[in-house]
Amino acid sequence: MAACVVPVCVRAARWLLPFQGVRCRGLASHPSLPPEEKSATGLAQAVLQETLRRQQQDSDSQGEDRKESGSEEQKRQKENTAYAKKMVLRIASLMGVGGAVGVVYVFDPPVLQQLRRTYRYFKDYRQMIIEPTSPKLLPDPLKEPYYQPPYTLVIELTDVLLHPEWSLVTGWRFKKRPGIDNLFQQLAPMYEIVIFTSETGMTAFPLIDSVDSQGFVSYRLFRDATRYVDGHHVKDISCLNRDPSKVVIVDCKKEAFCLQPYNGLALKKWDGSSEDRTLFDLTAFLKTVSLSGVEDVRTVLENYSLEEDPLETFKRRQTQLEQEEQQRLADPSRNKNKQVFLGSLTNRFWPRSRQQ
């Protein structure tokens with residue numbers, strides 16, 4: 001009879017789990033059942049409890065999986081929604097810009113023309129600042145029967161010929177350097193004098209008129225004729241339409257002739273002193289170069305390019321030469337050929353190898 005009770009309880013557990021548990025517990029506790037039936041009933045109860053536990057675990061794990069999959073799916077949906085919104089905004093902005101450009105191009109061509117004119121204006125303005133106004137800043141040299149000086153002197157106005165001063169009472173005033181008139185008068189037959197300044201024409205033009213009252217200055221060049229390089233207004237000799245071997249630049253800044261360093265003579269900046277004699281020394285130096293008939297002035301100026309004060313060096317060499325001349329005249333045995341000394345005058349100021 002025990003063998004028949006166990007199968008019945010097991011089959012019943014498949015569809016009446018809660019009720020079967022109650023029934024089996026009742027049978028197990030019934031005092032009138034024999035021991036064999038009680039053991040079979042306990043076994044069935046254990047099987048049912050294990051089955052219920054496993055089903056509960058399976059249901060719990062399935063619930064957790066559903067929660068995790070649901071959270072991941074929600075996150076994925078949010079990401080897809082954000083990406084879709086971003087793409088829609090990008091497409092809409094591109095379409096808006098394209099539509100605006102199309103409307104301007106089709107219905108309002110004067111706007112485009114104005115933009116082109118503005119672009120060309122700024123481009124030309126930038127080019128005007130950086131590049132000289134013309135590849136030939138000076139006209140062609142004069143031909144016979146007109147007289148063309150053999151050399152060209154390019155000289156700065158500010159701090160070389162004039163010194164700017166400012167006060168509350170008078171504002172800006174320019175002081176004339178001692179020796180300007182002497183320089184123009186002495187060098188005009190030998191040099192084509194060109195005042196090339198980094199000042200604007202509006203500022204410098206009346207100043208040149210006050211300095212050159214007798215008209216010794218042949219040409220005037222201003223800031224728009226310079227080449228703007230590394231923050232400096234550079235005077236490019238290649239644009240002067242003159243032979244570079246005959247051009248001398250006088251300035252107080254070496255950056256002004258950095259493109260042709262051996263064509264320049266850098267003077268000390270004038271501080272406005274009335275006792276200054278620099279222009280007189282400069283006149284003597286340039287007259288010596290012209291009277292010596294130097295073929296290439298760069299070979300002469302190269303010897304003074306590293307000097308802190310080139311005119312002071314020239315005066316010192318000139319003094320030494322005069323002392324040697326006095327000693328030679330005092331010794332009759334050395335006074336044989338005066339022309340030999342005069343022919344070597346140039347070599348005393350600069351080596352012959354530099355001239356070749």
Side-chain angles (χ1 to χ4, degrees), residues 127-143 147-161 183-184 187-201 204-205 208 212 216-269 279 282-283 285-290 292-307 310-311 314 349-350 354-356:
Q127 193 74 12
M128 181 183 66
I129 295 176
I130 296 177
E131 300 292 334
T133 53
S134 174
K136 291 184 178 182
L137 299 175
L138 300 180
D140 294 336
L142 299 176
K143 298 180 180 180
Y147 175 71
Q148 174 68 33
Y151 301 96
T152 299
L153 173 62
V154 178
I155 190 168
E156 172 62 44
L157 182 66
T158 306
D159 294 324
V160 176
L161 300 179
L183 182 141
F184 288 161
L187 298 182
M190 308 173 187
Y191 289 85
E192 181 183 33
I193 300 176
V194 179
I195 292 184
F196 196 169
T197 178
S198 58
E199 301 290 341
T200 60
F205 208 94
I208 298 174
D212 182 33
F216 290 112
V217 177
S218 301
Y219 302 102
R220 308 174 181 188
L221 297 175
F222 307 102
R223 180 180 297 176
D224 56 351
T226 61
R227 188 183 300 277
Y228 195 71
V229 180
D230 296 333
H232 301 283
H233 293 280
V234 180
K235 302 164 185 178
D236 191 359
I237 292 179
S238 62
C239 299
L240 285 181
N241 195 27
R242 294 292 184 270
D243 185 4
S245 63
K246 306 294 184 181
V247 178
V248 178
I249 299 179
V250 178
D251 205 298
C252 58
K253 300 177 182 178
K254 289 186 177 182
E255 294 82 5
F257 49 86
C258 61
L259 297 179
Q260 296 89 13
Y262 296 140
N263 281 97
L265 193 68
L267 304 182
K268 288 186 177 181
K269 186 176 180 179
L279 292 185
L282 177 64
T283 302
F285 175 81
L286 295 177
K287 283 184 65 176
T288 304
V289 172
S290 177
S292 300
V294 178
E295 292 295 330
D296 193 341
V297 297
R298 293 171 292 189
T299 60
V300 177
L301 299 177
E302 184 180 359
N303 290 276
Y304 297 92
S305 60
L306 300 179
E307 299 291 341
L311 295 181
F314 170 75
F349 291 111
W350 41 82
R354 295 288 187 179
Q355 302 179 40
Q356 296 177 352

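Reckoned from all heavy atoms, side chains included, excluding hydrogens, waters and symmetry mates.
Distance CG/D230 to OH/Y228: 9.0 Å, rounded to 0.5 Å. Between atom NZ of residue K246 and atom CD1 of residue I237 there is a gap of 13.5 Å, rounded to the nearest 0.5 Å. Residue F314 holds its CZ atom at 10.0 Å from CG of L282, rounded to the nearest 0.5 Å. We find the CD1-CG distance between I155 and L286 to be 8.0 Å, quoted to the nearest 0.5 Å. With values rounded to the nearest 0.5 angstrom, S218 atom OG is found 9.0 Å from L138 atom CG.
Applying the salt bridge (charged side-chain N to carboxylate O under 4.0 Å, His left out) criterion to K269, with sequence neighbours excluded, gives D159. Qualifying side-chain contact (heavy atoms from CB on, under 4.5 Å) partners for P189, counting only residues two or more places apart in sequence or in other chains: none. Considering only residues two or more places apart in sequence or on other chains, D236 meets the side-chain hydrogen bond (donor to acceptor under 3.5 Å, both in side chains) condition with R227, S238, Q260. Listed by chain and number, the residues in a side-chain hydrogen bond (donor to acceptor under 3.5 Å, both in side chains) with T200 are T203 (sequence neighbours excluded). By the ring-ring contact (aromatic ring centres under 6.0 Å, His included) test, Y262 is found to be paired with no residue, residues two or more places apart in sequence or in another chain being considered. Taking the side-chain hydrogen bond (donor to acceptor under 3.5 Å, both in side chains) definition, one finds that S245 meets it with D243, sequence neighbours left out. Take I130 and apply the side-chain contact (heavy atoms from CB on, under 4.5 Å) test, not counting sequence neighbours, and it matches R126. Considering only residues two or more places apart in sequence or on other chains, F184 meets the ring-ring contact (aromatic ring centres under 6.0 Å, His included) condition with none of them. Checked against side-chain contact (heavy atoms from CB on, under 4.5 Å), T158 has the following partners two or more places apart in sequence or in another chain: E156, P164, T197, E199. For the side-chain hydrogen bond (donor to acceptor under 3.5 Å, both in side chains) test, residues two or more places apart in sequence or in another chain that qualify with D140 are N241. Partners of F216 according to the ring-ring contact (aromatic ring centres under 6.0 Å, His included) rule, which considers only residues two or more places apart in sequence or in another chain, do not exist here.
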Checklist entry - Would Y191 and L183 satisfy side chain to side chain contact (heavy atoms under 4.5 Å, CB included), going step by step from the backbone distance to the final call? => result CA-CA 11 Å; Y191 289 85; L183 182 141; over 6 Å; no
Checklist entry - Where do S198 and H233 land on the side chain to side chain donor-acceptor pair (under 3.5 Å) test, with the steps shown first? => result CA-CA 6 Å; S198 58; H233 293 280; over 6 Å; no
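Pairs engaging residues 248-267 under the salt bridge (charged side-chain N to carboxylate O under 4.0 Å, His left out) rule: K235-D251 [sequence neighbours left out].
When all heavy atoms of V217 and D212 are compared, the closest pair comes out as N-OD2, 2.9 Å. Of all non-hydrogen atoms in A225 and L221, the two that sit nearest each other are CB-CB, 4.3 Å. Counting all heavy atoms, side chain and backbone alike, L279 lies closest to L161 at CD1-CD2, 4.1 Å. Taking every heavy atom of both residues into account, L301 and L265 meet most closely at CD2-CD1, 4.1 Å.
With hydrogens and angles ignored, the 3.5 Å screen pairs a side-chain donor or acceptor of Q148 with a backbone N or O of L142. Formation of a donor-acceptor pair under 3.5 Å by the Y151 side chain with backbone atoms of V297 is not found in this model. S290 places no side-chain N or O within donor-acceptor distance of the main-chain N or O of K287, the cut-off being under 3.5 Å.
Ring orientation note: the planes of F222 and F205 are tilted relative to one another, at an angle of 30° to 60°.
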